[in-house]
There are 2 protein chains.
Amino acid sequence: MGPQAATARDRHEDVTEERSAPSKRDAILDAARRVFLEAGYGAASMDAIAREAGVSKQTIYAHFGAKDALFGAIMVARADHFLEPLPEAVGDAPDVAAALDGLSRRYLEVLLAPEAVARFRVVMAESGRFPELAEVFYRSGPRRAADRLAAYLAALDAGGVLRVPDPEMAAGQFLGALRGDIFIRYLLGLGEPPTEADIDRTVAHAVGAFLGAHRAR
Amino acid sequence: MGPQAATARDRHEDVTEERSAPSKRDAILDAARRVFLEAGYGAASMDAIAREAGVSKQTIYAHFGAKDALFGAIMVARADHFLEPLPEAVGDAPDVAAALDGLSRRYLEVLLAPEAVARFRVVMAESGRFPELAEVFYRSGPRRAADRLAAYLAALDAGGVLRVPDPEMAAGQFLGALRGDIFIRYLLGLGEPPTEADIDRTVAHAVGAFLGAHRAR
DNA sequence: GTCTATAAAAGGATAGAC
DNA sequence: GTCTATCCTTTTATAGAC
């Protein structure tokens, strides 16, 4: 093997191909993600995952051992990416209204992405069987978003821009207002996804109400 | 049979007992409700329901025909009771703050009842398989609560008490703020249920913010 | 590592007696 | 209407060849 190959062999010792071909392991993970998120844990069969990945069932068991281990690998691995694009929007905005507006749009964008909704639904349904998974999901997703917003609101209060005596509560309720009815409908699989105009109205109303409620005296 | 028996025999023709003993049918419905809500549709077995009800599996099939029919009977039957105690709180209250306060407490009380949370979770998880069930649940639960509140807010706006130009949106976002973080945590099965003090703080904050945002000029 | 074939168990639904 | 006993399909998991 060539000299630069050293950086790429963090998993295998005896690989012969120099280009890291899409490994069966990754194919399995990808297929499992799709099948689990679409069907839920119980209704997803290992046969379906094997078929989707183009491998045999035994190959899956050789890699992951059992169904619940595979499920855990999928759900935890992707939990980090949830709501990751949120923080940048807070610090750079010229004024408060624009900052809240931008943050709200990113939040709804992430929250209403089909994969995020499916993930939420599955984690929720299986929270009894996988409690630690629900915990990780909560902390890396909803909790993190609320903490970031709370920190921003606390800074606004300290700077005298707004009056926010209880930033944690205010952050939680603001994000709750943003979710409003839309998210429930989405989780229940009802009706059409919200249009751009719906988003505009929702964000404008939530931000306006928040600024009205917390304006400095 | 006696003359008064006529009113009670809307289902049976050949009953011999005069007191309506807890029928097997009701025992099945009750057991099915418990098992379905605890385990979810997929993980709930007909064997478990039969055991819990103290009857044989065949008795269940004689009454309901199939698993999905039994599930539908359970979930739809109880959907009416969801949020039923809400409307009274609106009209009688002396002032707006007290009305919103009372309504908020009832809403959270109903929403955080263990059975309501379990129902929400199950309907959500099975919304793909039973779309019409999700629709009925939504309309009789979340939607109804939001509509009632919106009508009240529209009346306040018309009376000049508050300024609420978009009552539907305001109602949805107020209820969303009320759910805030608590409901998500609850759905994910995390941590302790909220204490009385938590409820007090949550309601006070949401009502205070709402009044601040929508006060008449 | 990967495949084909199979074991072992669970669960939805039905047959037939009473 | 109700029970016991059974069928048949699906599904997780494993054995053994290559």
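In this text, all values refer to a predicted model and were calculated from it rather than measured experimentally. Chain identifiers are assigned alphabetically (A, B, ...) following the order of the sequence lines, protein sequences preceding nucleic acid strands; residue numbering begins at 1 within each chain.
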Is it true that B:Arg51 and B:Asp47 make a salt bridge, defined as a side-chain N closer than 4.0 Å to a carboxylate O? no
Looking at C:dC3, D:dC3, C:dA13, which one has an atom nearest to any side-chain atom of B:Thr59? D:dC3
A:Lys24 NZ to C:dG1 P, in whole Å, measures 12 Å
Between D:dT14 atom P and A:Phe64 atom CZ, what is the distance in whole Å? 16 Å
Can A:Asp101 and A:Arg106 be said to form a salt bridge (charged side-chain N to carboxylate O under 4.0 Å, His left out), step by step? CA-CA 9 Å; A:Asp101 188 276; A:Arg106 291 223 171 167; over 6 Å; no
Can you tell which of D:dA13, D:dT2, C:dG12 lies closest to the side chain of B:Ser45? C:dG12
note: B:Leu70, atom CG; C:dA13, atom C1'; distance rounded to Å ~ 14 Å
Could you tell me if A:Arg129 sits above the aromatic ring of A:Tyr41, with its cationic atom closer than 6.0 Å to the ring centre and no more than 45 degrees from the axis? no
Name of the residue among A:Phe137, A:Phe36, A:Phe71 meeting ring pair (Phe, Tyr, Trp, His ring centres under 6.0 Å) with A:Phe130: A:Phe71
Euclidean distance, atom CD1 of residue B:Ile60 to atom P of C:dT14 [Å, nearest integer]: 14 Å
Round to a whole Å and report the spacing from NE2 of A:His63 to C1' of D:dA13. 17 Å
Selected nucleotide, minimal atom distance to A:Asp47 side chain, candidates C:dT2, C:dG12, D:dT11: D:dT11
OP1 or OP2 of D:dT10 under 4.0 Å from side-chain N/O of A:Lys57: no
Heavy atoms from C-beta onward define the side chain here; which of C:dG16, D:dT12, C:dG12 lies closest to that of B:Met46? C:dG12
Of D:dT2, C:dC3, C:dG12, the nucleotide closest to the side chain of B:Tyr61 is C:dG12
Rounding to an integer number of Å, can you tell me how far A:Phe71 CZ sits from D:dT12 P? 13 Å
What is the distance from CD of A:Gln58 to P of C:dT4, rounded to the nearest Å? 12 Å
Does B:Ala44 reach a base, just sugar-phosphate, or nothing at all? Heavy atoms under 4.0 Å. sugar-phosphate
Whole-Å gap separating P (C:dA10) and NZ (B:Lys67): 15 Å
Run the numbers on A:Leu178 and A:Phe210 for side-chain contact (heavy atoms from CB on, under 4.5 Å), then give the verdict. CA-CA 11 Å; A:Leu178 223 41; A:Phe210 187 85; over 6 Å; no
